[in-house]
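Structure record follows, encoded as structure tokens.
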Amino acid sequence: MLKTGTTITRRGLGAILAAGLLATGLAACGNSDTGSDGGDDGKIVLGFSQIGAESGWRTANTNSIKESAAAAGIELKFDDAQGKQENQIKAIRNFIQQKVDVIAFSPIKESGWDTVLKEAKDAKIPVILTDRAVDSADKSLYKSFLGSDFVKEGRLAGEWLVEQKKTATGPVNIVELQGTTGSAPAIDRKEGFATAIAANPNLKIVASQSGDFTRAGGKQVMEQFLKANPKIDVLFAHNDDMGLGALEAITAAGKVPGKDITIITIDAVKDGMQALADGKFNFIAECSPLLGDQLMDLVKKVKAGEEVPARVETQEGTFTQEQAKAALPTRKY
Ligand code: AHR
């Protein structure tokens, strides 16, 4: 730092600039594997773009990532995109500018990522997808995907229903609350469920609409379903939160959730498990939000230039009402 009043000669100024350029050049060489400046204290710097806080699942996922980063000694730059893809793209561009070591994000939708992923690749910053996939044809744009098999979750939900209704002689009317339009879990869960229920032609989806993975959305769309469909036997909600919102609409319509209408959801967060244990939900296919530890592991490996699997899937189960009662006391989220 120059003292106030110090006079710099032209030659002196040249020397200072040259030294600065040399220092910048050396820093760039030292990080040529990732193009990163690294943290001030030598810590790995991870830029993470989260979708928002639309559900209990998302809150648990955010907590998991923050806690695991702290435990792993990784400096986390966390951005909440508040449910907007353009904010996620902006956050990723900021991470590139800040030269973080690794970028991870949970893409709100499947499409529209190629340009920004290419920018990260050109800047030599490895990207890890967490929770949701993208539909980019060029798989070299990211190092790994960490998350659930959403098609399987939908299939497990559908298979349970097929088993429950195997003796049904007439039509079983199903309404479906889809997740965010264009998102991987909405697309895949719909597909898995439809494939499974095709085993019984009595099982028919009579209405299907997005409730955007939120309680408010679930309530509002369920109200419309109830008005338009005099006979609803089953609700399949793509997450607990929409199912919980729908409970309010069902009760307000004078029906008993879990009895008059069979309710199947996905996630198994605490509030959903409570509704299941209380007999208001009938079945939940689990989707684990606890991705933090596995993500930090992948971050360390990609930063070290190690090979990582293209896909890392989380282990998940399913819950009946009895199983929810048993699991609730030790449920972490
Ligand atoms: O992508 C995972 C899904 O997103 C969860 O099932 C849902 O609750 C969340 O909002």
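This chain uses plain numbering: 1 for the first residue, then up along the sequence. As the structure lists them, so they are numbered: ligands from 1, and atoms in each ligand from 1.
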Counting only heavy atoms not in Lys270 (residues, nucleotides, ligands), do more than 12 fall under 6.0 Å from its NZ?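 Buried by this count: over 12 neighbours within 6.0 Å.
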Taking Asp131 first and then Arg58, would you say they form a salt bridge - that is, a charged N and a carboxylate O separated by under 4.0 Å?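 Counted as a salt bridge, because a side-chain N and a carboxylate O are separated by less than 4.0 Å.
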Would Asp233 and Lys231 pass as an ion pair if we require N to O under 4.0 Å?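 Here Asp233 pairs with Lys231 in a salt bridge, since their nearest N and O are under 4.0 Å apart.
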Test question: given the 4.5 Å side-chain rule for I, L, V, M, F, W and Y, name all other residues clustered with Leu156, or answer none.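 Leu156 shares its hydrophobic cluster with no other residue.
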Apply side chain to side chain donor-acceptor pair (under 3.5 Å) to Arg93 and list each qualifying residue two or more places apart in sequence or on a separate chain.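 Here the qualifying residues are Glu119.
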Does anything in residues 208-240 form a ring-ring contact (aromatic ring centres under 6.0 Å, His included)? List the pairs, not counting sequence neighbours.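 Listed by first then second residue: Phe193-Phe236, Phe236-His238.
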Could you pull out every protein residue that has a heavy atom closer than 4.0 Å to ligand 1, ordered by chain and then number?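 Its neighbours under 4.0 Å (heavy atoms only) are Glu54, Ser55, Trp57, Arg58, Asp131, Arg132, Phe150, Pro185, Arg189, Phe213, Asn239, Asp267, given by chain and number.
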